[in-house]
Amino acid sequence: MKGLKITVTVKLDSPMTSSFSQQSNKHQNKMSTSSLSFPSFHHHRNLEAPNSLRRPTTGIRHLRRITTASNNSIPPLSATSADVAPTTTTATNNLPLRPIPGSYGIPFIQPLKDRFEYFYNTGGRDEYFKSRVQKHQSTVYRTNMPPGPFIANNPNVVVLLDAKSFPTLFDTTKVEKKDLFTGTYTPSTDLTGGHRVLSYLDPSEPKHAPLKNLIFFMLKSTIKNILPEFESTYTELFDSLESQLSQKGKAYFNDSGELAAFRFLGRSYLQSNPEETMIGKDGPKLISTWVLFNLGPLLKLGLPWFIEEPLLHTFRLPPALIKKSYQKLYNYFESNSSSLIQHAESLGISKDEAVHNILFTVCFNTFGGIKILFPNTLKWLGRAGTSLHTQLASEIRSAIKSHGNGKVTMGAMEHMPLMKSVVYECLRIEPPVALQYGKAKKDFVVESHDACFEVKEGEMLFGYQPFATKDPKVFDRPEEFVPDRFVGDGEKLLKYVLWSNGPETEAPTTGNKQCAGKDFVVLITRLFVVELFRRYDSFDIEVATSPLGAKVTLTSLKRART
């Protein structure tokens, strides 16, 4: 399977061209029909707790700190549904205590049926979850999650689909995260050198703290490289895209963007350009093939179901098929991580385990996040139209001139509130990691907006994040991309931005499972937007889907006139 690359493209709707200020007035009383509807929804929003809210720390100061820390709305659902369980008692906050609705059905048969509906029903994944919310009159219910037979022994989960219940998945006093990074199945450790890497460890396990401290050290070590290497790498990327446009009339962002992303990560983390080593320009292909072997049971590639089901969802792809490809990546990281390996050994981590963890963090977590996040950011910005582009360009260039002496600095970016809000809105509306899991450590009660539910020890909890971050009881116009949503008082809503396996207002520590590189990812996404509008006044795109994120084609890039 050398060089395996499978892509499916489906044309989406044409980009939006109106300005966000126009959208604000035009759609104030509208909600997309694909919005998640909650029982007894009465248009209240912004469930705040101002006294407990910690104002988010942004920029490199937070990165340093954490690395050193060890409406036509959908009508209310009918209360006469046969699926509504009777209220049995009253729990906290005057919410009724209900049995968790739904069932797991006949073993083996129902999980297969649920898997087929999840991957192949015409409405897609969002419709799959939404239809069950309507059926059960609840954002908390029981179902089966893929892959099921024969890859996962137990597909039974309790689903959490609102902003109130979803954060239960972050509470390590209630849930265990051991071997749950990919959900109800765990990829073979043959894909990671025989090691259970950091993402699969629960904070209670002895190796979790030293491995997370290693990643914090790696992040701290790269601080001085981020800004210059990003500017250099993405200048090369934009030069390449402009060349493609002049020659072909269009430029394909994803392939060029992935090469740039891996080049930047190599330069900033390891002070080595992978394209100047034995890796060459094969890095993104090697990583994508390896990721496919890890995540294949959860992916839909667009193949006919009778091919995709046995190939990806019924049996595991044999790790031996990509052993040589993975070894190339390992050799690159081993050769260029001497200082990180030395620090790992001081933490009691062997060289081999350290290299596999560094590789996983850079290639799976960080590169994988950029692979999804940057095209999605370009998609939402492109659809927003020239009015937003003009405002961003003005803000960014003015801040660089006034607060950066003509250069991109951390201080200058702190004077770009619209740019920062746009990045958070991209992370809110389409979080790069959609699925989260946790196993109940004990019996406890989980609360939605409308009811309480008893969870038993050992039950698997599952959350689909795009519903939690588009909760209409928290966000106004939740399905719309609102660029200035997090400007000014809107910052109070950042605690509901959950893309990093935790609230945006909290920091990763060795005691939680929040992404160690949370602030690094926010920073480089800001840099991406800054470099884009520092160079261009506006741009046009075409968008299609791919198995991971959007597939973006640039049809014009309008160079800055000033």
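In this chain, numbering begins with 1 at the start of the sequence shown.
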Evaluate side-chain contact (heavy atoms from CB on, under 4.5 Å) for Phe481 paired with Leu388, printing each intermediate quantity in order. CA-CA 11 Å; Phe481 180 74; Leu388 174 62; 4.1 Å; yes
State, yes or no, whether a side-chain contact exists between Gln391 and Leu418 at a heavy-atom distance under 4.5 Å. yes
Side chains of Cys515 and Phe520: closer than 4.5 Å at any heavy-atom pair? no
Is a side-chain N or O of Lys300 found less than 3.5 angstrom from the main chain of Phe119, in a donor-acceptor match? yes
Beyond-backbone contact of Phe444 with Val446, side-chain heavy atoms, under 4.5 angstrom: yes
Within the 3.5 Å criterion, strictly below it, is a donor on Glu430 or Trp380 matched to an acceptor on the partner's side chain? yes
Start with the C-alpha distance between Ser448 and Lys164, add both sets of side-chain angles, then the distance that settles side-chain contact (heavy atoms from CB on, under 4.5 Å), and finish with yes or no. CA-CA 5 Å; Ser448 70; Lys164 192 173 183 181; 5.6 Å; no
Out of curiosity, Leu392 CG to Leu532 CG, how far, rounded to the nearest 0.5 Å? 9.0 Å
Test item: Glu205 side-chain N/O and Asp202 main-chain N/O as donor-acceptor pair under 3.5 Å: yes
When you measure from the side chain of Glu459 to the backbone N and O of Lys456, does any donor-acceptor pair fall under 3.5 Å? yes
Whether the Lys177 and Asn512 side chains hold a donor-acceptor pair (N or O, under 3.5 Å, no angle test) is what I'd like checked. no
Between the CG atom in Leu169 and the NZ atom in Lys174, the distance rounded to the nearest 0.5 Å is 11.0 Å
Is there a donor-acceptor pair under 3.5 Å between the side chain of Ser421 and the backbone N or O of Pro417? no
According to ring pair (Phe, Tyr, Trp, His ring centres under 6.0 Å), who are the partners of Phe364, at least two apart in sequence or on a separate chain? Phe181, Trp290, Phe360
Check for a donor-acceptor pair, side chain of Asn156 on one end and backbone N or O of Pro111 on the other, with a separation under 3.5 Å. no
N/O donor-acceptor pair under 3.5 Å between Thr366 side chain and Thr361 backbone: yes
Search all heavy atoms of Pro147 against all heavy atoms of Leu298 and return the closest pair with its distance. CD-CD2, 4.2 Å
Worked verdict on Val482 versus Glu425 for side-chain contact (heavy atoms from CB on, under 4.5 Å): CA-CA 7 Å; Val482 181; Glu425 180 69 345; 3.8 Å; yes
Applying side-chain contact (heavy atoms from CB on, under 4.5 Å), can you list everything that pairs with Thr553, at least two apart in sequence or on another chain? Lys250, Tyr252, Glu542
Which residue in the set Thr186, Asp179, Thr189 passes side chain to side chain donor-acceptor pair (under 3.5 Å) when paired with Arg196? Asp179
Are the side chains of Val497 and Phe486 in contact, using a 4.5 Å heavy-atom criterion? yes
Please check this pair: side chain of Thr182 against backbone of Tyr185, looking for a donor-acceptor N/O pair closer than 3.5 Å. yes
Please find the pair of heavy atoms, one from Pro508 and one from Asp519, that lie closest to each other, and give the distance. CD-OD2, 4.4 Å
For Lys551 and Ser546, which heavy atoms make the closest approach, and how far apart are they? CB-CB, 4.4 Å
Any side-chain heavy-atom pair of Phe528 and Val423 under 4.5 Å: no
Show me the side-chain donor-acceptor pairs of residues 303-313 shorter than 3.5 Å, one per line, residues at least two apart or across chains.
| from | atom 1 | to | atom 2 | distance (Å) |
| --- | --- | --- | --- | --- |
| Glu308 | OE1 | Tyr120 | OH | 3.2 |
| Glu308 | OE2 | Leu301 | N | 2.6 |
| Glu308 | OE2 | Gly302 | N | 3.1 |
| Glu308 | OE2 | Leu303 | N | 3.3 |
| Glu309 | OE1 | Arg115 | NE | 3.0 |
| Glu309 | OE1 | Arg115 | NH2 | 3.0 |
| Glu309 | OE2 | Tyr120 | OH | 3.1 |
| Glu309 | OE2 | His313 | ND1 | 2.6 |
| His313 | NE2 | Leu299 | O | 2.7 |

On a heavy-atom basis, the closest approach of Ala163 and Ala468 is CB-O, 3.5 Å
If the threshold is 4.0 Å, N to carboxylate O, is there a salt bridge linking Lys439 and Glu176? no
Residue pairs fulfilling side-chain hydrogen bond (donor to acceptor under 3.5 Å, both in side chains) with at least one residue in residues 101-114, sequence neighbours excluded: Tyr104-Arg142, Gln110-Asp114, Lys113-Glu117, Asp114-Asn144
Would you compute the distance between atom OG1 of Thr184 and atom CG of Asn153 and round it to the nearest 0.5 angstrom? 9.5 Å
How close do Leu95 and Glu447 get, heavy atom to heavy atom, and via which atoms? CD1-OE1, 3.8 Å
Quick one: is the NZ or CZ of Arg428 closer than 6.0 Å to the six-membered ring centre of Phe475, and within 45° of its axis? yes
Using modelled atom types and a 3.5 Å cut-off, is there a donor and acceptor pairing between side-chain atoms of Lys371 and backbone atoms of Gly257? no
Straight-line distance of Leu427 CG to Leu373 CG, nearest 0.5 Å: 5.5 Å
Thr469 versus Trp499: any side-chain heavy-atom pair under 4.5 Å? no
Heavy atoms of other groups near Lys441 NZ, more than 12 under 6.0 Å: yes
Separation of Asn501 CG from Gln514 CD (nearest 0.5 Å): 7.5 Å
Non-hydrogen side-chain atoms of Lys513 and Pro203 separated by less than 4.5 Å: yes
Are any of the side-chain nitrogens in Lys518 or Glu504 under 4.0 Å away from the carboxylate oxygens of its partner? yes
List the steps, then state whether salt bridge (Lys or Arg N to Asp or Glu O under 4.0 Å) holds for Asp450 with Lys473. CA-CA 11 Å; Asp450 302 284; Lys473 291 193 176 181; 3.1 Å; yes
Does any N or O in the side chain of Gln465 come within less than 3.5 Å of the main-chain N or O of Val433, such that one atom is a donor and the other an acceptor? yes
I need the minimum non-hydrogen distance between Asp126 and Phe467, along with the two atoms involved. O-CZ, 3.3 Å
Sorted by chain and residue number, the side-chain contact (heavy atoms from CB on, under 4.5 Å) partners of Pro167 (sequence neighbours excluded) come out as Phe170
Please report the C-alpha distance between Leu435 and Arg125 in whole Å, then the side-chain angles of each, then the deciding distance to 0.1 Å, and finally whether the side-chain contact (heavy atoms from CB on, under 4.5 Å) criterion is met. CA-CA 11 Å; Leu435 316 179; Arg125 194 162 57 177; 4.1 Å; yes
Keeping Ser131 on the side-chain end and Tyr128 on the backbone end, is there a donor-acceptor pair under 3.5 Å? yes
Ring pair (Phe, Tyr, Trp, His ring centres under 6.0 Å) partners for Phe462, two or more places apart: Phe129, Tyr437
Student check: side-chain heavy atoms of Asn365 and Ser199 closer than 4.5 Å: yes
Here the gap from Asn376 atom CG to Leu381 atom CG, rounded to the nearest 0.5 Å, amounts to 11.0 Å
